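Input: a single structure, listed below in structure tokens.
If you're wondering where the values come from, they're calculated on a predicted model, not measured in any experiment.
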Amino acid sequence: MSRRCTLLTWALLGLGLGLGAPGEEAPGSCCPIVPRREWKAPASKCGEKLQHPVRYVVVSHTGGSHCDSPASCLKQVQNLHSYHSRTLNWCDVGYNFLIGEDGLVYEGRGWDIKGDHTGVTWNPMSIGISFMGNYMERSPPPRALRAAQSLLACGVAQGALSRTYEVKGHRDVQRTLSPGDQLYEIIRTWPRYHE
């Protein structure tokens, strides 16, 4: 993402203007993705590539605290990276992308690198998107949901996601409560959701 796009996104959010509905951006635009360098991610030690276009997207939640400002979400992504890489000894943060309640998407492993989000069967054939927070009893705000929809459109426009991709909840492919009851009910209404 260009520096100009990043600054514009953060400025709009700072003014409380949000980012609009999916489809309002220029084709192929990937605003509002915060690249790894902007959240001060260490160099990734991961190297296993995903084969494009990817057919599945698995939506999860982190299960911990939510974040609702760029500053708090930056810290949350850093904490998740530290936990995954230092405590779990993974090669990087496990998700391909993370969604904050600030309405921004934070680049994890990105479109090209296999994640560690859903186990050995699903990791090699899916993009893992995790909403930062616990969504058992509350829903992510609309701007976070719009950010996720924009990310999916971006993936298709870039050729990283198949035009016929399917969205699955984390609990559809593993025994878990993720992505939380409230978020799960929302993603089940998305047109590309398949159980």
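- One hydrophobic cluster, built from ILVMFWY side chains closer than 4.5 Å, holds both Y193 and F97.
- The nearest pair of heavy atoms linking Q182 to E137 is CG-C, 3.5 Å.
- Side chain of T62 to backbone of G133: a donor-acceptor contact under 3.5 angstrom is found.
- Expressed to the nearest 0.5 Å, how far CE of M136 lies from OG of S178 amounts to 9.5 Å.
- Side-chain contact between I186 and P140 is present, with at least one heavy-atom pair separated by less than 4.5 Å.
- Residues satisfying the salt bridge (Lys or Arg N to Asp or Glu O under 4.0 Å) criterion with D112, sequence neighbours excluded, are absent altogether.
- The salt bridge (Lys or Arg N to Asp or Glu O under 4.0 Å) check on D116 picks up R109, K114, with sequence neighbours excluded.
- When the side chains of ILVMFWY residues are joined at heavy-atom separations under 4.5 Å, either directly or via intervening members, V59 and V156 end up in a single hydrophobic cluster.
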Verdict with reasoning, I129 to I127, per side-chain contact (heavy atoms from CB on, under 4.5 Å): CA-CA 6 Å; I129 298 173; I127 294 289; 4.1 Å; yes

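- At least one donor-acceptor pair under 3.5 Å links the side chain of H84 to the backbone N or O of G94.
- In this structure, the side chain of H61 engages the main chain of P179 through a donor-acceptor pair within 3.5 Å.
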Chi angles and distances behind the side-chain contact (heavy atoms from CB on, under 4.5 Å) call for Y165, V54: CA-CA 7 Å; Y165 72 89; V54 177; over 6 Å; no

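- Applying the side-chain hydrogen bond (donor to acceptor under 3.5 Å, both in side chains) criterion to S72, with sequence neighbours excluded, gives S69.
- Within the hydrophobic cluster formed by Ile, Leu, Val, Met, Phe, Trp and Tyr side chains joined at under 4.5 Å, directly or through other members, V173 is accompanied by Y56, V58, W122, M125.
- When side chains are defined from C-beta on, D68 does not count as touching M132, because their heavy atoms never get closer than 4.5 Å.
- Within the 3.5 Å criterion, the main-chain N or O of G110 finds a donor-acceptor partner in the side chain of N96.
- Within the 4.5 Å cutoff, side-chain heavy atoms of S65 are placed close to those of Q76.
- For the pair L145 and F131, the minimum side-chain heavy-atom distance is below 4.5 Å.
- Looking only at distances, no side-chain donor or acceptor of N89 sits under 3.5 Å from a matching main-chain atom of R86.
- Other members of the cluster containing Y83 are L88, W90, with ILVMFWY side chains joined at under 4.5 Å, either directly or via other members.
- In this structure the side chain of Y184 never reaches within 4.5 angstrom of the side chain of Y135, judged on heavy atoms.
- Around CD of E185, the count of heavy atoms belonging to other residues, nucleotides or ligands within 6.0 Å exceeds 12.
- Residues L152 and W190 have side chains in contact (heavy-atom distance under 4.5 Å, counting atoms from C-beta outward).
- I99 places none of its side-chain heavy atoms less than 4.5 Å from the side chain of L104.
- In this structure, the side chain of R36 does not engage the main chain of A41 through any donor-acceptor pair within 3.5 Å.
- By the salt bridge (Lys or Arg N to Asp or Glu O under 4.0 Å) test, R55 pairs with E166, sequence neighbours left out.
- Remark: the backbone N or O of T164 is paired with a side-chain donor or acceptor of S162 at under 3.5 angstrom.
- One distance of note links CG of D92 with NZ of K45; it measures 9.5 Å at 0.5 Å rounding.
- Remark: the backbone N or O of H194 is paired with a side-chain donor or acceptor of K168 at under 3.5 angstrom.
- At a threshold of 4.5 Å between non-hydrogen side-chain atoms, the residues E195 and R188 count as touching.
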